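Single-structure report; data block below.
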Number of protein chains: 2
Amino acid sequence: MNAGFVLDTRLQVDTDFVIDLRLCTVRLMNDAQYPWLILIPKIANLSELHQLSEAQQHLLNQDSNLTSKVLMQLFEPETLNVASLGNIVRQLHIHHVARFTDDPAWPGPIWGKHPVMPYEDQIKLERIEAIQASFTHMMKNR
Amino acid sequence: MNAGFVLDTRLQVDTDFVIDLRLCTVRLMNDAQYPWLILIPKIANLSELHQLSEAQQHLLNQDSNLTSKVLMQLFEPETLNVASLGNIVRQLHIHHVARFTDDPAWPGPIWGKHPVMPYEDQIKLERIEAIQASFTHMMKNR
């Protein structure tokens, strides 16, 4: 399924690898202001959700549900923002952002609101490890 | 499936009915700046995508694909923004917005960017009728 798939260079720079799921590779946005994961279906030349086949959408639902449950369990947010925008990076990618009533952009959207605030290296590493552990735990128990 | 479902009052005020699909009711956001449809699953007490059952997610995919194809066919946008945010209105609703490189918020997100610019009544009516006709046409040919 991932023949010819190459991660967009801007996503490569702005995010760090977390885990590969059924359809998507999951990456952490390097912005310490919000727990923010990005799912990228490993399919070449894709920019819109409705271009996925029915089978691919089913896999994306599973990957998205799992990601949402990981964010809910680890961070206990007020709500999740799940969004495919693609105005700047055209490669299809689906944001999953844990939102809190005291986060810097609440209740507005996070995109374009505040400049990103990169993680300190050690804190980023710990966050990625915690998220990986939660995915592993959730996958064992589903 | 819609026992106990009541449309959120803010959505009721901000949007106009377009069509009922398999899972969702489709409404037009009263903002003439963007072709902007909102899909609301007709299920009571729902706020997050991952709370839908697998069968409901499958229906939502179908409704969302159809809506995306209608927006692409009618408006020929640069891209679509598809998003479940829920920071202000907690009832689950999924934005589908046709985006253009010359729209007022490009390339940023539309939410919270500019005050809404309500349609003139006659233009809104014509837009709703054009969207309804496109849905009907797409449903006949799928």
Side-chain angles (χ1 to χ4, degrees), chain A residues 10 34 39 46-73 77-103 105-114 138 142, chain B residues 10 34 39 46-73 77-103 105-114 138 142:
Chain A
R10 172 134 184 195
Y34 322 93
L39 272 59
L46 196 65
S47 59
E48 304 287 342
L49 281 173
H50 68 273
Q51 295 169 339
L52 291 166
S53 71
E54 188 173 321
Q56 289 166 340
Q57 288 197 337
H58 181 66
L59 293 176
L60 175 60
N61 288 346
Q62 292 181 333
D63 290 354
S64 174
N65 292 341
L66 187 61
T67 302
S68 294
K69 286 172 187 166
V70 163
L71 288 172
M72 294 300 286
Q73 184 252 319
E78 181 71 16
T79 186
L80 295 176
N81 293 174
V82 177
S84 162
L85 304 180
N87 309 339
I88 295 169
V89 170
R90 295 306 310 273
Q91 182 172 67
L92 181 63
H93 59 288
I94 302 100
H95 301 274
H96 287 63
V97 192
R99 299 298 309 273
F100 300 85
T101 55
D102 61 353
D103 74 34
W106 185 269
I110 59 165
W111 305 276
K113 188 90 170 187
H114 298 286
M138 289 269 177
R142 71 175 171 186
Chain B
R10 173 135 183 194
Y34 322 93
L39 272 59
L46 196 66
S47 58
E48 305 286 342
L49 281 172
H50 69 272
Q51 295 168 339
L52 291 167
S53 71
E54 189 172 320
Q56 290 166 340
Q57 289 197 337
H58 181 65
L59 293 175
L60 175 60
N61 288 346
Q62 293 182 333
D63 290 355
S64 174
N65 292 342
L66 187 60
T67 303
S68 295
K69 286 171 187 167
V70 163
L71 288 172
M72 294 300 287
Q73 184 253 317
E78 180 72 16
T79 185
L80 295 177
N81 293 174
V82 177
S84 161
L85 303 178
N87 309 338
I88 295 170
V89 170
R90 295 306 309 274
Q91 182 173 68
L92 181 63
H93 58 288
I94 302 99
H95 302 273
H96 287 63
V97 192
R99 298 300 308 275
F100 299 86
T101 55
D102 61 352
D103 74 34
W106 185 270
I110 58 164
W111 305 277
K113 188 91 169 187
H114 298 285
M138 289 268 179
R142 69 176 174 186

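Everything numeric here is computed off the predicted structure, so don't read it as measured data. Within every chain, numbering begins at 1; the chains are lettered A, B, ... in the order of the sequence lines, protein sequences first and strands thereafter.
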TODO: Name the member of B:L80, B:I88, B:I94, B:V97 that forms the most heavy-atom pairs with chain A at distances under 4.5 Å.
DONE: B:L80
Task: Pairs of heavy atoms under 4.5 Å with chain A: top-ranked of B:E78, B:M72, B:K113 - done: B:E78
TODO: Identify, with sequence neighbours excluded, every residue that meets ring pair (Phe, Tyr, Trp, His ring centres under 6.0 Å) alongside A:H96.
DONE: none
Open item on the list: Going by ring pair (Phe, Tyr, Trp, His ring centres under 6.0 Å), name the residues that satisfy it together with A:H95, two or more places apart in sequence or in a different chain.
Closed with: A:W36, A:H93, A:W111
- [ ] Could you check which of B:K69, B:R90, B:R99 has the highest count of heavy-atom pairs closer than 4.5 Å to chain A?
- [x] B:R90
- [ ] Heavy-atom distances under 4.5 Å only: say whether B:E48 touches chain A with side chain, backbone, both or neither.
- [x] side chain
Open item on the list: Please report the interatomic distance CG(A:N61) to CG(B:L52), rounded to the nearest 0.5 Å.
Closed with: 9.0 Å
Task: Contact class of A:S64 relative to chain B, heavy atoms under 4.5 angstrom - done: neither
- [ ] Identify which of B:G112, B:P109, B:G108 forms the greatest number of heavy-atom pairs closer than 4.5 Å to chain A.
- [x] B:P109
- [ ] Can you spot which of A:Q57, A:H50, A:E54 makes a side-chain hydrogen bond (donor to acceptor under 3.5 Å, both in side chains) with B:N65?
- [x] A:Q57
Open item on the list: Out of the candidates B:N81, B:T101, B:T79, B:D103, only one should pair with A:N87 under the side-chain hydrogen bond (donor to acceptor under 3.5 Å, both in side chains) rule; please name it.
Closed with: B:N81
Open item on the list: Heavy-atom pairs under 4.5 Å with chain B - which of A:Q62, A:H58, A:Q51 has more of them than the others?
Closed with: A:H58
